[in-house]
Amino acid sequence: MKGTFFFVFILITTLGFSQNESTTYKKRVLEATEIDLLFSYYGQDGNNAAVTGGEGTEELTDATSSIVVQIPMNEDDVLTVDVGISAYTSASSSNVNPLDGNPNRQISPFSASSGASRKDQLVHFNPSYRHSSDDRNSIWTGNAYVSSEYDYFSIGFGGGYTRLFNQKNTELSISGQLYFDSWNPQYPIELREGFFDNRITGNGTYAPSSTVFDQENRNSYALSLGLSQILGKRMQASLFTDLVLQRGLLSTPFQRVYFEDANDFFIDDFQLADDVERLPESRFKLPIGARLNYFLGDAIVLRSYYRFYTDDWGITAHTASLEVPIKLNDTFTLYPAYRYYTQSEADYFYAKETALSTLDFYTSDYDLSKYHAHQYGMGIRYKDIFTRAKLFTFGLKSVDLRFNAYDRSDGLNAFIMTLGTTFVGN
């Protein structure tokens, strides 16, 4: 990470002296370098962990921090560099190997192991470049993405084009993304070659027929289309859709499945897996959404959102949300928000011990089950148009603090707190 941040520092320093000069004044797309410092903290709990076959603790915490730097290269071009790290601790993922903390302790799907599999870090690096035409009616973008964690590595590329016309009242956009991911598969400890434990209890001999995956890569292809229209002085609407195709290893290798037609085996209270989830090696997703913003006045805006989602795994979902920014004065704005989500069950979802060993595909991941969820949020934004507070030579432009609580019908509860600050150069 030190090397990555050093690279960003050198990039900012070097590019600051390489902006093109012009004898004709033209308003810049971005007047000065901006730096966003972002932090979030997420926590959840529940009793349907996919790691332990749909039953067990889902306790997890995640802390994420990132820095986003926007650098005006000249009047028309902006380079953005996004670097971040996410560190999480997960009780459920610790049970990939519930024995790795202490082989002699009492183990249970509702408690966490203290071994190495309980935590991990994800690091990402995401540079992008944006070019605007002289009349500011055309925008071209390109970006790259790299992320890495213990058992997963991803690299991606993308680009897009946006066209504004009708005196900038209408906006059309198209973009595409390619992601190439590779797994370092981690299987439940009892399904690994050479596993033996003399504490196993059950009828017969524990001898699962699980096999490792031949495919260890995943490729994703996404095409996005958008249309935005100003409908009047107070109203703006937009429509958008994504076409997403995924191919490769779409199963998670460490998520257990327990069969209805197989004997049960245990170590203490921990049930040993019959297999891991098996899902098709192809998935097509189609979300279609719309936004409608209505300005009630100078102080209040209604921001509504709806999305319909379907895929070829049998899931149909609906999302609706409403955010109502309330401007208290020139400095502070409140952001109360509500979101509702509901989805149908995937064709391959089975609760614990309801799948049959003769099936081709099965999972007990409750993210693919039928459920509905409510999310409640509140945020506050501080904006200083005079950038009086300083960080070195950068002035504080804004501070955003938000909190959201999430409640899912299957018992999963979560919260997330986010803090974002924006600094602008002189």
Could you check whether atom CZ of Arg247 has more than 12 heavy atoms from other residues, nucleotides or ligands sitting under 6.0 Å from it?
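Result for CZ/Arg247: open.
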Tell me whether Tyr150 at atom OH has more than 12 heavy atoms from other residues, nucleotides or ligands lying less than 6.0 Å away.
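No, the 6.0 Å shell around OH holds no more than 12 heavy atoms from other groups.
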So, for [X] and [Y], which heavy atoms are closest and what is the spacing to 0.1 Å?
| X | Y | result |
| --- | --- | --- |
| Ile155 | Asp181 | N-OD1, 4.2 Å |
| Thr252 | Glu277 | N-OE2, 2.7 Å |
| Thr421 | Phe423 | OG1-CE1, 3.5 Å |
| Pro253 | Val276 | O-CG1, 3.0 Å |

Roughly how far, to the nearest 0.5 Å, is [atom2] of [Y] from [atom1] of [X]?
| X | Y | atom1 | atom2 | result |
| --- | --- | --- | --- | --- |
| Leu249 | Arg218 | CG | CZ | 6.5 Å |
| Tyr350 | Phe361 | OH | CZ | 11.0 Å |
| Ser282 | Asn219 | OG | CG | 11.5 Å |
| Asn95 | Ile107 | CG | CD1 | 8.0 Å |
| Tyr42 | Met417 | OH | CE | 14.5 Å |
| Gln236 | Ser238 | CD | OG | 7.0 Å |

Name every donor-acceptor pair, under 3.5 Å, that has one atom in a side chain of residues 324-337 and the other anywhere in the protein, sequence neighbours excluded.
unit_1	atom_1	unit_2	atom_2	d
Asn329	OD1	Thr331	N	2.7
Asn329	OD1	Phe332	N	2.8

Can you pull out every salt bridge (charged side-chain N to carboxylate O under 4.0 Å, His left out) where at least one residue sits in residues 401-415? Sequence neighbours excluded, please.
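Those involving residues 401-415 are Glu323-Arg402, Asp367-Arg408, Arg408-Asp410.
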Parallel under 30°, tilted from 30 to 60°, perpendicular over 60°: which one fits the rings of [X] and [Y]?
| X | Y | answer |
| --- | --- | --- |
| Tyr366 | Phe349 | perpendicular |
| Trp313 | Tyr348 | perpendicular |
| His374 | His372 | perpendicular |
| Tyr221 | Phe180 | perpendicular |
| Tyr371 | Tyr341 | tilted |

For Ser364, check side-chain hydrogen bond (donor to acceptor under 3.5 Å, both in side chains) against everything at least two apart and list the hits.
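Once residues adjacent in sequence are excluded, Ser364 has no partner under the side-chain hydrogen bond (donor to acceptor under 3.5 Å, both in side chains) criterion.
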Are the ring centres of Phe259 and Tyr362 closer than 6.0 Å?
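Ring centres of Tyr362 and Phe259 closer than 6.0 Å.
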Can we call the ring centroids of Tyr206 and Phe265 under 6.0 Å apart?
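That pair passes the under 6.0 Å test.
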Just by distance, do the side chain of Glu55 and the backbone of Pro109 share a donor-acceptor pair under 3.5 Å?
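Not confirmed, Glu55 side chain does not pair with Pro109 backbone.
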Determine yes or no for a side-chain-to-main-chain donor-acceptor pair under 3.5 angstrom, with Ser344 supplying the side chain and Gly314 the backbone.
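Yes, the answer is positive, given that a donor and an acceptor are paired below the 3.5 Å cut-off.
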Any salt bridge linking Arg381 with Asp400? Criterion: basic side-chain nitrogen under 4.0 Å from a carboxylate oxygen.
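So Arg381 pairs with Asp400 through a salt bridge.
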